[in-house]
Amino acid sequence: MTVLAAGDVSPGVLGFVVVALIGFALYFLIKSMNKQMTKIQVPRESELDETTDGRASDGAPGAGDRADGADDKVVADKKAE
């Protein structure tokens, strides 16, 4: 066994064990995450267009909808032309 000087510090076996346990935990967490990600079924764009016709099905404002009704005014102006 090596004798260290008074000011020297060494992580030793305990430090290695802690880092190794963190590494193993990270490996299993990533493996589990990948398994969960494969279970997610994302609809394709063609399926979205057929079912929702470009709008949210729950009546919530979509990406182009504004709460102040500005989109309604644009649509009304286009119909007037």
N/O donor-acceptor pair under 3.5 Å between Thr38 side chain and Lys35 backbone: yes
Nearest 0.5 Å please: distance from the CZ atom of Phe16 over to the CG atom of Leu21. 9.5 Å
Tell me, yes or no, whether the heavy-atom count around Gln36 atom CD, taken from other residues, nucleotides or ligands under 6.0 Å, exceeds 12. yes
Taking a hydrophobic cluster as the set of Ile, Leu, Val, Met, Phe, Trp and Tyr residues connected by side-chain heavy atoms closer than 4.5 Å, whether directly or through intermediates, do Ile40 and Met33 fall within one such cluster? yes
